[in-house]
Number of protein chains: 2
Amino acid sequence: MEMATDIFRDLCQKHGIAMTHQRQVLFETLQSMYGHPSPEDVYVRVKEKVPAISLATVYKNIHLFVDSGLLREVSVHHGTLRVETNQHPHHHLICSECNQITDIDQGELGFTPGRTKLANGFKVERYAVDVIGICPQCQAKQTN
Amino acid sequence: MEMATDIFRDLCQKHGIAMTHQRQVLFETLQSMYGHPSPEDVYVRVKEKVPAISLATVYKNIHLFVDSGLLREVSVHHGTLRVETNQHPHHHLICSECNQITDIDQGELGFTPGRTKLANGFKVERYAVDVIGICPQCQAKQTN
DNA sequence: TTGACGGACGATAATAATTATCGTTCAATA
DNA sequence: TATTGAACGATAATTATTATCGTCCGTCAA
């Protein structure tokens with residue numbers, strides 16, 4: 001489960017971030033966990049290896065990892081409660097650059113809802129699809 | 001844009017909630033808005049019609065509407081920051097009863113990613129699918 | 001109509017999650 | 001190895017949300 005230090009150093013270099021002891025332990029800890037842990041959960045686990053670490057460091061580096069593509073977060077949506085005003089069946093386009101969320105009709109997306117019962121017995125009510133990518137505005141900015 | 005009071009009363013009855021003036025104005029206001037407003041946004045708008053309304057009432061009733069199915073929220077997992085520990089391409093099963101989130105492999109879901117460029121010029125990086133429904137455990141509880 | 005009851009409201013205190021600040025320490029590199 | 005900016009740790013501050021609690025309003029029985 002241990003990752004060689006120089007492998008992690010390379011990984012950091014590839015993603016353009018500095019390598020520190022805290023970051024290495026944090027990353028290794030994440031890889032050893034299951035499911036969708038909260039920063040607090042991760043903090044508790046990392047403390048076993050680096051007792052002096054601060055919760056703020058965990059937050060800062062999770063965000064750093066996410067921003068630099070080392071790590072992914074469960075949902076790219078707003079951190080706050082948002083309500084749908086669009087009554088029609090639709091999905092979301094989310095720009096990974098500016099985080100803007102735009103609605104797209106189910107038909108326009110070319111998405112056909114799959115089965116209504118999955119292998120494990122999960123009963124499907126509906127599908128919510130997030131299309132993550134770059135919006136036209138941000139594409140234009142990038143080429144400039 | 002106005003909704004007759006007795007139509008809203010019927011709607012409330014159908015969903016098993018009491019009808020009040022604040023709820024009616026809140027609901028009408030939501031229907032008149034676009035995009036994905038925050039409770040604060042909605043509060044500001046509702047205040048124009050009901051100046052004495054409290055932000056807490058807006059929160060309470062948005063949740064009531066969501067729970068009773070009158071309204072939908074943008075993301076089922078907003079709330080707190082969660083990180084993915086699963087490196088493989090996967091999607092999420094979300095139980096609308098107990099809110100548990102389970103990973104499901106893209107293949108197992110039977111989902112075929114669509115086009116990589118959408119009509120409006122949006123450049124697709126990846127698709128994130130949330131399957132919302134009832135997990136086997138909660139189905140068992142319901143039949144009991 | 002009146003009186004009682006329960007649920008909804010408004011004001012605001014409390015909590016939870018996250019971010020900002022700031023002095024100290026560490027990692028990259030010349 | 002000395003320099004220098006970035007990262008760290010402690011903790012204060014902020015933001016979003018929820019809980020509390022006294023009051024008010026609508027409904028129903030007398």
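Numbers restart at 1 for each chain; the letters A, B, ... are given by sequence-line order, proteins then strands.
A56(A) comes within 4.0 angstrom of a nucleotide base, judged by non-hydrogen atoms across all strands. At the heavy-atom level, H63(B) lies under 4.0 Å from the strands shown only through sugar-phosphate atoms. Using a 4.0 Å heavy-atom distance criterion, E40(A) is classed as making no nucleic acid contact.
Taking atom CD1 on I53(A) and atom P on dC26(C), their separation rounds to 14 Å, with Å as the unit. Between the OH atom of Y43(A) and the C1' atom of dG9(D) there is a distance of 9 Å, rounded to whole Å. Atom CD of Q24(B) and atom P of dG26(D) are 14 Å apart (whole Å). As a whole-Å value, the separation of Q13(A) CD from dA6(D) C1' is 16 Å. Between E73(B) atom CD and dA16(D) atom P there is a gap of 16 Å when expressed in whole angstrom units. For L55(A) and dT19(C), the CG to P distance is 11 Å, given to the nearest whole Å. Spacing between atom NZ of K60(B) and atom P of dA19(D) amounts to 11 Å, rounded to whole angstrom units. Atom CG of N61(A) and atom C1' of dC26(C) are 14 Å apart (whole Å).
Put simply, CD on Q31(B) and CG on L26(B) are 10.5 Å apart, with the number rounded to the nearest 0.5 Å. F65(A) contributes atom CZ, which lies 6.5 Å from atom SG of C12(A) (distance to the nearest 0.5 angstrom).
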As a quick check of understanding, evaluate side-chain contact (heavy atoms from CB on, under 4.5 Å) for H78(A) and S38(B), giving each step before the final call. CA-CA 10 Å; H78(A) 312 98; S38(B) 68; over 6 Å; no
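When the nearest nucleotides of DNA chain C are assigned to G79(B) and H21(B) by heavy-atom distance, the more 5′-ward of the two goes with H21(B). Annotation: of the two residues near DNA chain D, P39(B) and R9(B), the 5′-most nearest-nucleotide partner is P39(B). When each of I17(B) and R82(B) is assigned the nucleotide of DNA chain C with its nearest heavy atom, I17(B) is the one assigned upstream, toward the 5' end.
Across dG9(D), dG10(C), dA7(D), the shortest atom-to-atom separation from the side chain of A52(A) is found for dG9(D). Side chain of L81(B), nearest nucleotide from dT18(C), dT11(D), dT18(D): dT18(C).
Around the CZ atom of R9(B), the shell of radius 6.0 Å holds no more than 12 heavy atoms that belong to other residues, nucleotides or ligands.
Of the side-chain N and O atoms in T80(B), none sit less than 4.0 angstrom from OP1 or OP2 of dA16(C). OP1 or OP2 of dC8(D) lies within a sub-4.0 Å distance of a side-chain N or O belonging to T20(A). Applying the 4.0 Å criterion to OP1 and OP2 of dC9(C), one finds that R23(B) has a side-chain N or O inside that range. The shortest distance between the side-chain N/O atoms of Q22(A) and the OP1/OP2 oxygens of dC26(C) is not below 4.0 Å. Distances shown here put a side-chain N or O of Y59(A) below 4.0 Å from the OP1 or OP2 atom of dT18(C). An OP1 or OP2 oxygen of dG9(D) is reached within less than 4.0 angstrom by a side-chain nitrogen or oxygen of T57(A).
In this model, a donor atom of one side chain and an acceptor atom of the other lie less than 3.5 Å apart for S75(A) and H77(A).
Proximity of the aromatic rings of H92(A) and H36(B) is defined here by a centroid distance below 6.0 angstrom, and this criterion is met.
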